[in-house]
Amino acid sequence: MSETYQLRDGLVVPKVAFGTWLVNGAQGVNSIVSALNVGYRLIDSAFNYENEGAVGAAIRKSPVPREDIIVSSKLPGRHHHYQEAIDTIQESLYRAGLNYYDLYLIHWPNPKEDNYVEAWQALIDAQRFGLIHSIGVSNFLPEHLDRLEKETGVMPVLNQIELHPYFNQEKQREYDQAHGILDQAWSPLGRASNELKDPFILKLAEKYHKNAGQIILRWETQLGVLPIAKSSHSDHQRENLNIFDFELTADELVGMSKLTKADGRLKNQDPAVYEEF
Ligand SMILES: NC(=O)C1=CN([C@@H]2O[C@H](COP(=O)(O)OP(=O)(O)OC[C@H]3O[C@@H](n4cnc5c(N)ncnc54)[C@H](OP(=O)(O)O)[C@@H]3O)[C@@H](O)[C@H]2O)C=CC1
Ligand SMILES: O=C(O)C(=O)[C@@H](O)[C@H](O)C(=O)CO
């Protein structure tokens, strides 16, 4: 493993993870095997990605030992009721052919449904049963996290949130860091949109002899965030790990932070109102 973070519960995770949204079937297995071969040791998945089976198949196909890989998945919004959540975690394991997940997250809080505290209790118990080692959430705002703490006494160790240069999540990061919660960045490359062509980022890329994606991922790790980068191509997969031989200056970090926009979300998925099942 290259550079790592340590979660509040002791789990050691790499500073860059591999994303698998839309990574499915045999092609998906090949992409994940390639990612493991080039050095990724944290694979992000979700029940809703319909690829936990592909993740399990890739792990069995790769020469990397299972215990060296952090395997992560997520509970969908339609299964937040306690027993359904437990059944779903078990189904996630059956699909992957694994005995345990290293990390398991609630995918979205779905506040209008308001069953996420029940789902969280299921994750706490599944951890006690040994089905999952570390428990976290995704897309949780401070108000949702406060309720978890108040009603269960247990705070997540990790929060996976939308984060990229045009949406830097300064306030959420402040809250999470103050509560010992590690932020993972989803769509850390802005899904290869305009952010890879931003003139300020391209200027830094030229200075450091890196590409725009590498500048973005380095900025995220210097913020103390763990980006989950997805790529189907082994050259991009390699580039996205090769970010630890340079460091952005304090002024450059400030410049990166100034790129954020009020409407910077990719698809307007505000967890205060957006729900996903
Ligand atoms: N919790 C949640 O609600 C969410 C979680 N996620 C997770 O986050 C992961 C990452 O987010 P995702 O939306 O996939 O987007 P990313 O920001 O990771 O961008 C992926 C895109 O970037 C391209 N790309 C990757 N590396 C490079 C590179 N070095 N140079 C140029 N282009 C590159 C990829 O193309 P190519 O394949 O050609 O390299 C792909 O089109 C997901 O896969 C998923 O695991 C995502 C959304 C929501
Ligand atoms: O990919 C995920 O994990 C999601 O939660 C999706 O909602 C993703 O954000 C998306 O944009 C689907 O259209």
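Read the numbers this way: they start at 1 and go in the same order the structure lists the ligands and their atoms. None of the values given here were measured: they were computed from a predicted structure.
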Just jot down the ligand 2 atoms closer than 4.0 angstrom to any heavy atom of [X], in number order.
X      : result
Tyr49  : 1 (O), 2 (C), 3 (O)
Tyr274 : 7 (O)
Trp108 : 5 (O)
Arg191 : 8 (C), 9 (O), 10 (C), 11 (O)

**Prompt:** Is it true that the side chains of Asn211 and Glu239 contain a donor and an acceptor less than 3.5 Å apart?
**Reply:** yes

**Donor on one side chain, acceptor on other, Trp186 and Asn139, under 3.5 Å** =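 Judged by distance alone, the side chains do pair up.
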
**Asked** Mind checking whether Trp186 has an N or O less than 3.5 Å away from an N or O of ligand 2?
**Response** no

**N or O contact, Lys267 vs ligand 2, cut-off under 3.5 Å** =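 Yes, at least one N or O pair falls under 3.5 Å.
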
Look at [atom] and say which protein heavy atom is nearest, naming residue and atom and giving the distance to 0.1 Å.
atom                    : answer
atom 41 (O) of ligand 1 : Ala192 CB, 4.0 Å
atom 12 (P) of ligand 1 : Ser187 OG, 3.6 Å
atom 29 (N) of ligand 1 : Asn240 OD1, 3.0 Å
atom 42 (C) of ligand 1 : Trp21 CB, 3.6 Å

So, [X] and [Y], do they make that salt bridge, N to O below 4.0 Å?
X      : Y      : value
Glu252 : Lys207 : yes
Lys230 : Asp44  : no
Lys210 : Asp245 : yes
Arg78  : Glu84  : no
Asp102 : Arg41  : no

Please confirm whether [X] comes within less than 3.5 Å of ligand 1 when only nitrogen or oxygen atoms on both sides are compared.
X      : answer
Asn211 : no
Lys74  : no
Leu189 : yes

**Nearest-option assignment for atom 7 (O) of ligand 2, heavy atoms, candidates His107, Lys230, Arg265, Glu276** = Glu276

Please tabulate, one pair per line, all N/O donor-acceptor pairs under 3.5 Å involving side-chain atoms of residues 128-135, not counting sequence neighbours.
from   : atom 1 : to     : atom 2 : distance (Å)
Arg128 : NH1    : Asp125 : OD1    : 2.9
Ser134 : OG     : Asp9   : OD2    : 2.6

**Request:** Would you give the length of the straight line joining atom CG of Asn48 to atom OG of Ser73, rounded to the nearest 0.5 angstrom?
**Result:**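 Here the rounded value is 9.0 Å.
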
